[in-house]
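Notes to accompany the following structure.
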Amino acid sequence: MREHRSDTEIEDIIRASMKMTDIPSPELNNKLKAALYQQEAVIRKQTATHTLSLWYLPMLLNLVTFSLLAVFALTIIENVYLSYFAAGICLYLCVAGILITIVGVKRTNLKEDITIRIEKRGILT
């Protein structure tokens, strides 16, 4: 009930600002910010969901794939220098993939977007 009341308050504040000029008054702006901060605080206090971040999944897949290729290169290629060279390239690609994934996620701020939220009852949200 309380959340519904705060939603209507926010809607009333937004409608009032739209009826006025293009730029809302500072007190109206402050009321809107306060209402949004209160809603955000309520949402953060709710612990009804578990979060599972998938940002590390491409990194792990890259690590497993190129580690297996490095092991296969060491076991299958008979020339010692060529096998070490191929395994070194594979290990380099492992490290490069990890770094590219970490930098890409931090630069684009995707950590929240690639997070799965699971309710305690087992219903996906």
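Just so you know, these numbers use all the heavy atoms, side chains as well, and skip hydrogens, waters and symmetry mates. For the single chain, residues carry numbers from 1 onward in sequence order.
Note: the hydrophobic cluster containing Leu60 also contains Ile102 (ILVMFWY, side chain heavy atoms under 4.5 Å, direct or indirect links).
Each of Leu68, Ile98, Thr101 was compared with Leu63 under the side chain to side chain contact (heavy atoms under 4.5 Å, CB included) criterion, and only Ile98 meets it.
Asn79 contributes atom CG, which lies 11.0 Å from atom OH of Tyr84 (distance to the nearest 0.5 angstrom). A distance of 14.0 Å separates CG in Leu36 from NZ in Lys31, rounded to the nearest 0.5 Å.
Here the closest heavy-atom approach between residue Leu93 and residue Asn62 is recorded as O-ND2, 3.3 Å. Phe66 and Cys94 get closest at one heavy-atom pair: CB-SG, 3.3 Å. Ala86 approaches Ala73 most closely through the heavy-atom pair CB-CB, 3.8 Å. A pairwise comparison of heavy atoms in Ser83 and Leu74 identifies O-CD2, 3.9 Å as the closest pair.
The list of salt bridge (Lys or Arg N to Asp or Glu O under 4.0 Å) pairs with a residue in residues 33-43, not counting sequence neighbours, reads Glu40-Arg44.
Remark: side-chain polar atoms of Ser67 are not paired, donor with acceptor, to backbone N or O of Val64 under 3.5 angstrom.
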